[in-house]
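Sequential numbering from 1 along the given sequence is applied to the chain's residues.
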Amino acid sequence: MRICIPNSFRSVLKICAIIAICSYSNAQQIIHLEPGWNTVYLEVQPEPADCSEVFQDIPVKSIWMWNAPSSSESYVNIPVSPDSLVPSDQWLGFFKDTPSVSNLHKLLGGKAYLIKYDGQETYEWQVRGTPCLPKIYWTPKSYNFVGFNIESDYDKASFINYFENSSAHMGSNGFHKPVFGLVEDELNNQWIWKDLTSNYQTNVIESGRAYWIYCNSHSNFVGPLEIDVEQGKDLDFSSFLTEQDLTITNVSQDYCTVSVALEDINGSNPLQYSEKDPNGNAYWADFNSPISIVRLQPNTEHVLKLHINRMLVDKEQGFDAMLSISNDKGSMIKVPVMATCPDETDFELWTGTAVIDGVSEMASWDPDQTTSVSSPFYIRLILLRKNEEVGAQFYLLDQVAGIRDTSDSNSLTLITNKESLSQYAESLHSNSTLNGFRISSAAFSFSQPQEGNVLVGDFNDNSTLVFQNIQSSDDQNPFFHRYHPDHDNLEEIPQIKRTLTLDLEMTHVEEQIGTYSEVIQGLTNKDIVVSGTLKLKLIARPSQWIK
């Protein structure tokens, strides 16, 4: 295809938590509540979250959540017995029989709880909701009531191995302070906090259980495996994002193997990941089997680039799935993945980069022959494709802003005019919440978008687009001096003509790669020819365009 463009996160309690993913908003964590006190760590955000509704049919007496203090003045030594708790700013409690005195009303995922269960037999509490990425903001010089994202059937996540690389918790002789787990003292008929660090190898971290752990200094440590996503809590591609990065960090002193699996896919699977062929060329590979990242170095991150093939997203149901990321130290973190199909639109926004690695020499007999440059430079390209009755109309842009109304995930407006941008944002912001983006290119300077000829073909065909030349008064014309008295007559200023040629090959319905060449006329008595490679990607299907 050819496009030419002139210009420009065990004990007696026996808590067992099993994550069974159904869909991103309907994940299930099973917690076995034993008679008496239970320490519970919620890996999902319950839906519903209201305590009265969640525990309506469960015989519980009270639920307590530790509200970390702003200063480290409490729990420097052994934590108090759960039977001694009273509602306070530091302890939020829900009382099923007397809800009016409760100061805990909703459950939060990623938090630790003390639950007093009044039943006579084990109760299987099925908590449904959305998995939470583990986040812990440790209170320094204090014990913290926390839990961790551990594989439910993994029995080798010893405390010593889990925390080995956290200086805020580990000293040269082990933990700064003991780790406490709640156990029942049947002889004295009471519940006590037991030191679990006397035998690091026997006492292991259990899935769905919470502990009192001392932290010596400020820390955000959540385990030997850390996961970060671009949007903060999940991988939501919405209706227009096509790519997102999943950052996996090995926070340990050893090499580790990480497995990334996609779970519970109904119907087609549009999720893909970036892979390289034997020649080192990147391409989008189908996510049909787990990805194994072998021997990830200590304290090293791996960025997994993910892509949604919008053509395979169900137009009615969308795409809801779950990524399960685990390592060989017992960590297991779930990340929701979702995408929807946009409403029918006539617009496509393509952006890409041309890498200029060759330029013609003025003394060369062959004006079309280019010589490799010592340091390649980059040109950003922004193309807007619009469907017309007679075919595809292409616009070469030097800048564009995208504004999305968060109340409508399918609404994305492109604006290329600065005055229209301020007016549109002001009027829309009064009734809704906005977010957006801005893209610009320093390689072009347009007062208005440059329109291409109407084409019968598309990216799949050989097409030629013709744009206007750089005008005499254009800021990028080196012969134009805005304030020079001798340049008051624009007719005497030489016109600069740029002809861009893009030879493209569609490697994917949302990606084009190829070569780039440009002929610049008017700077010298000979044409200047530059060459390089390029890649274009479809980044959005906006619902409207405001010029």
Exercise for review: Could you walk me through whether V529 and T370 pass side-chain contact (heavy atoms from CB on, under 4.5 Å), step by step?
Suggested key: CA-CA 7 Å; V529 180; T370 60; 3.9 Å; yes
**Study point:** Any donor-acceptor N/O pair, T242 side chain to L538 backbone, under 3.5 Å
**Key:** yes
Practice item. Heavy atoms only: give me the nearest W284-K537 pair and the separation to one decimal. Key: CZ2-NZ, 4.2 Å
Point to revise | Sidechain-backbone polar pair: D228 side chain, T247 backbone, donor-acceptor under 3.5 Å | key: no
Exercise for review: Any chance you could lay out the side chain to side chain donor-acceptor pair (under 3.5 Å) test for N299 and N165, step after step, and finish with the verdict?
Suggested key: CA-CA 9 Å; N299 298 303; N165 208 36; 2.8 Å; yes
Check your understanding: If we ignore angles and hydrogens, is there a donor and acceptor under 3.5 Å between the side chains of Q45 and T130?
Key -> no
Practice item. Please name the residue in the list E263, E43, Q29 that meets the side-chain hydrogen bond (donor to acceptor under 3.5 Å, both in side chains) test with K334. Key: E263
Review point. Is the NZ atom of K233 crowded by more than 12 outside heavy atoms at less than 6.0 Å?
Key: no
Review point. Is the count of non-hydrogen atoms from other residues, nucleotides or ligands lying under 6.0 Å from Y378 atom OH greater than 12?
Key: no
Practice item. Count the heavy atoms belonging to other residues, nucleotides or ligands that lie under 6.0 Å from NE2 of H302, then report whether that count exceeds 12. Key: yes
Study note, to complete from the structure: Result for side chain to side chain contact (heavy atoms under 4.5 Å, CB included) between I403 and one of I415, L412, L414 points to I415
Practice item. Not counting sequence neighbours, which residues clear salt bridge (Lys or Arg N to Asp or Glu O under 4.0 Å) with D314? List them please. Key: none
Exercise for review: Please determine if E518 and R498 form a salt bridge, counting it only when a charged side-chain N lies under 4.0 Å from a carboxylate O.
Suggested key: yes
**Study point:** Q544, CD: over 12 other non-hydrogen atoms inside 6.0 angstrom
**Key:** yes
Check your understanding: Any idea which heavy atoms bring L235 and L246 closest together, and the distance?
Key -> CD1-CD1, 4.4 Å
Review point. With under 30° as parallel and over 60° as perpendicular, where do the rings of W545 and Y395 fit, or are they tilted in between?
Key: perpendicular
